[in-house]
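Just so we're clear, the structure is a prediction, and the values are computed from it rather than from any experiment.
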Amino acid sequence: MSAPVQAAYSYCEAVTGSQARNFAYGIRLLPNDKRQAMSALYAFSRRVDDIGDGTLAPEAKFARLEETRAVLGRIRAEEIDEDDTDPVAVALAHAARRFPIPLGGLDELIDGVLMDVRGETYETWDDLRTYCRCVAGAIGRLSLGVFGTVNGSALGASDSARAAEYADTLGLALQLTNILRDVREDAANGRTYLPAEDLAKFGCSEGFRSDRMPAGADFAGLVHHEVRRARALFAEGYRLLPMLDRRSGACVAAMAGIYRRLLDRIEREPEAVLRGRVSLPPHEKAYVAVRGLSGLDARTVSRQNTRRRG
């Protein structure tokens, strides 16, 4: 690897380590080449997210997002040189030559962030699912391009399609958990992601700008309703684990396990998300990583799948 490419990856790894603690914790379990590629994917995705979350006027955000899409087009066309001044583009271009990364997923991410900039809201779960598929399901499918398959072998066409579907679903589970965790922070930024029909059903249509809900609102009921939905998504998405090699499976199990434990905490104390961001202490993350490395989660899913087939 040339010095400019190594420096580009180092930059992306620094971005990942400083901006995405849960993600960085999970990808530590990967071999070096896959960890570098995942860092490049994260750094590009973070650039897109930062544009959407920044303070620019909407028109400027639209322009910046299209400029970022143009960079993606140059990567896809293999027009990025190693001495390019954009280290994220250099690293991602190199990663895309190393691994079969479906770069169209990053176009979907940009489409999802454009939905944020337009201030779209979601009437039903199907509406929100479309958004989540853009901003998180696509990341699952992009990651699958890096992870590869069991023992490094190629999957058949039908198995590849199922693996992509499970990766997409697991991304949805993580995103819905994020939405529950961040309801107060998102409300402060003028965003409400939970479906309007769910908010109305539980008397929470006024939103989450305060740490107290109005009289008659069943916030706990709303959270438990969304938690059940997220758990179903996790259960389906976890079927990806036996299809991955050991270290890739450990990485996915660690990241998903951290979010499942966050979901457990949110379920136990729904109002905690109105007071601040819920997080896991380092020792719990370490425990989740050990479970992933042991293959326990993958074996559990394999046994469950065997029972279903039986």
Side-chain angles (χ1 to χ4, degrees), residues 7-27 35-76 80 84-96 101 103-121 128 131-143 146 171-172 174-193 255 258-259 276-277 279:
Y9 277 129
S10 295
Y11 174 84
C12 292
E13 289 182 301
V15 170
T16 303
S18 64
Q19 300 293 328
R21 285 173 293 180
N22 290 342
F23 185 84
Y25 201 92
I27 66 172
R35 185 174 65 252
Q36 288 175 329
M38 291 296 289
S39 294
L41 278 173
Y42 175 81
F44 190 92
S45 301
R46 182 74 191 198
R47 176 179 296 179
V48 175
D49 286 341
D50 284 349
I51 294 170
D53 292 338
T55 58
L56 294 173
E59 294 77 11
K61 290 183 178 182
F62 291 137
R64 289 283 303 278
L65 288 168
E66 291 309 319
E67 289 170 5
T68 306
R69 199 191 297 274
V71 172
L72 182 59
R74 292 178 59 219
I75 293 171
R76 189 181 287 111
I80 301 294
D84 194 283
T85 57
D86 184 345
V88 176
V90 171
L92 184 56
H94 188 270
I101 299 172
L103 292 174
L106 291 170
D107 280 304
E108 292 183 57
L109 174 62
I110 293 171
D111 292 340
V113 173
L114 284 168
M115 296 167 74
D116 279 337
V117 176
R118 290 193 293 265
E120 293 191 20
T121 56
L128 179 59
Y131 168 79
C132 291
R133 192 173 190 276
C134 286
V135 298
I139 300 301
R141 284 175 271 120
L142 287 159
S143 301
V146 175
L172 265 62
L174 269 60
Q175 185 64 23
L176 183 52
T177 303
N178 267 337
I179 287 171
L180 288 173
R181 182 193 64 185
D182 296 340
V183 289
R184 183 78 186 279
E185 181 180 330
D186 289 334
N189 292 323
R191 296 176 183 168
T192 299
Y193 290 101
M255 287 190 286
I258 288 170
Y259 278 86
R277 175 170 286 200
S279 62

Chi angles and distances behind the side-chain contact (heavy atoms from CB on, under 4.5 Å) call for Leu176, Cys132: CA-CA 8 Å; Leu176 183 52; Cys132 291; 5.5 Å; no
Test Thr68 against Phe44 for side-chain contact (heavy atoms from CB on, under 4.5 Å), laying out the working first. CA-CA 9 Å; Thr68 306; Phe44 190 92; 3.5 Å; yes
Please evaluate residues Asp49 and Leu109 with respect to the criterion side-chain contact (heavy atoms from CB on, under 4.5 Å), reporting the C-alpha separation (whole Å), side-chain torsions for both, the decisive distance (0.1 Å), and the verdict. CA-CA 9 Å; Asp49 286 341; Leu109 174 62; 4.1 Å; yes
Provide the closest heavy-atom pair for Ser143 versus Met38 in the form atom of the first, atom of the second, distance. OG-CE, 3.2 Å
Residues 54-67 vs side-chain hydrogen bond (donor to acceptor under 3.5 Å, both in side chains), sequence neighbours excluded, gives Glu66-Arg69
Tell me yes or no: between the side chains of Asp116 and Tyr193, is some donor less than 3.5 Å from an acceptor? yes
Quick one: does His94's side chain get under 4.5 Å of Gln36's, heavy atoms only? no
Could you please spell out the steps behind the side-chain contact (heavy atoms from CB on, under 4.5 Å) verdict for Ile139 and Leu41? CA-CA 8 Å; Ile139 300 301; Leu41 278 173; over 6 Å; no
Is it true that a side-chain atom of Tyr9 and a backbone atom of Ala95 form a donor plus acceptor pair closer than 3.5 Å? yes
What distance separates Arg277 CZ from Glu185 CD, expressed to the nearest 0.5 Å? 5.0 Å
Shortest non-hydrogen separation from Ala43 to Cys12 and the atoms involved: CB-SG, 3.7 Å
To check you understand the geometry: which heavy-atom pair defines the closest contact between Val113 and Gly52, and what is its length? CG1-CA, 3.6 Å
Is any NZ, NE, NH1 or NH2 atom of the basic residue among Arg74 and Asp86 found under 4.0 Å from an Asp or Glu carboxylate oxygen of the other? no
Atom of Val71, atom of Ala89 and distance for their closest heavy-atom approach: CG1-CB, 4.0 Å
Rounding to 0.5 Å, atoms CZ (Arg46) and OG (Ser18) come to a distance of 8.0 Å
Just wondering, more than 12 heavy atoms not from Phe62 lying within 6.0 Å of its CZ? yes
Heavy-atom pair of closest approach, residues Leu103 and Ala96: CD1-CB, 4.2 Å
Taken to the nearest 0.5 Å, the spacing of Leu114 CG from Ile51 CD1 works out to 9.5 Å
Determine whether a donor-acceptor pair (N or O, by modelled atom type, separation under 3.5 Å) exists between the side chain of Asn189 and the backbone of Arg191. no
Quick one: are Asn178 and Arg181 in side-chain contact, heavy atoms under 4.5 Å? yes
Between Gly112 and Val135, which heavy-atom pair has the shortest distance, and what is it? CA-CG1, 3.8 Å
Result of checking Asp111, Val48, Leu92 against Leu106 for side chain to side chain contact (heavy atoms under 4.5 Å, CB included): Leu92
About how many Å separate OH of Tyr42 and OG1 of Thr16, when rounded to the nearest 0.5 Å? 6.5 Å
